Amino acid sequence: MTDIKACIFDLDGVIVDTAVYHYKAWKRLANELGFDFTEEQNEHLKGVSRVRSLQLILGWGGVTKTEAEQEELATRKNTWYVEMINQMTPAEILPGALEFLEACRADSLKTALGSASKNSMTILNKVGIAQLFDTIVDGNHVSAPKPDPEVFLKGAEALGVSPTECVVFEDAIAGVQAAKNGGMKAVGIGSVQTLTQADLVISGLNEMSLAKLKEL
Ligand code: G6P
Ligand code: MG
């Protein structure tokens, strides 16, 4: 049992179900390029930066593009994605997320967002929960993508806590690895089969409680 002082939350697939919108937009792009990819392959895109995701997808389709073409394709995907997230409402906050964030704050635990997304502020403002985070670290502030722990270490630093005092909530394989690489506890949101490195796996934040947090 550790003295937990802070919770760091990934955004897509943990707080809101934007993982579905990322999937839809990437699938549309792949289909336009004449191929498709599986849901299992999609698991490897979670937590992965926009540029790297595109490179993985092009690789799966056996398609080669110049850097300029890649930039255009990534922008095209992001335009579709932004169209979808601009329609979001507070109803799209995943079950239990609001309640758990509020419980953490009521218990004097610090909260941070640690996301690879450059669209995180748009999403937080759309669903109205930006004020529930003491600090926000996202794709605009980091240079090394998950599984590098930079995003979470920056969050811990901004909160003034040490990595061992943090628990990270993540739905991505790369995100769980990033937390472990940073010396933090990781709670996986998803399946035990996929998130093998997590200290605890739950299906959603509605299954989380302060009691479970303190047992980690
Ligand atoms: C999150 C998602 C990824 C996404 C990445 C970048 O980590 O899980 O699927 O590619 O953010 O998001 P962005 O909104 O900047 O394209
Ligand atoms: Mg995620």
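We count ligands from 1, going down the list as the structure has it; atoms in each ligand are counted the same way. Counting begins at 1 with the first residue of the sequence. Remember, predicted model here, so these are calculated numbers, not experimental data.
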Are there over 12 heavy-atom neighbours, none belonging to Glu157, within less than 6.0 Å of that residue's CD? no
Within the distance-only criterion (no hydrogens, no angle test), does the side chain of Ser53 pair as donor or acceptor with the backbone N or O of Val48 below 3.5 angstrom? yes
Would you find more than 12 non-hydrogen atoms of other residues, nucleotides or ligands less than 6.0 Å from Lys212 atom NZ? yes
Just to be sure I understand the site: which N, O or S atoms from the protein are less than 2.8 Å away from the Mg ion (ligand 2)? Asp10 OD2, Asp12 O, Asp171 OD1
Are the side chain of Asp17 and the backbone N or O of Gly13 linked by a donor-acceptor pair below 3.5 Å? no
Test: Lys154 cationic atom under 6.0 Å from Phe152 six-membered ring centre, within 45° of axis: no
Considering only NZ, NE, NH1 and NH2 on the basic side and carboxylate oxygens on the acidic side, decide whether Asp36 and Lys27 come within less than 4.0 Å. yes
So which protein residues pack against ligand 1 under 4.0 Å, heavy atoms counted? Asp12, His22, Leu45, Lys46, Gly47, Val48, Ser49, Arg50, Ser53, Tyr81, Ala116, Ser117, Lys118, Asn119
Please determine whether side chain to side chain contact (heavy atoms under 4.5 Å, CB included) holds for the pair Asp12 and Tyr21, giving the CA-CA distance in whole Å, both sets of side-chain angles, and the decisive distance to 0.1 Å. CA-CA 9 Å; Asp12 299 305; Tyr21 298 143; over 6 Å; no
With distance as the sole test, does His141 use its side chain to make a donor-acceptor pair with the main-chain N or O of Asp138 at under 3.5 Å? yes
In plain terms, say whether Asp10 and Lys146 are close enough for a salt bridge, that is, a side-chain N and a carboxylate O under 4.0 Å apart. yes
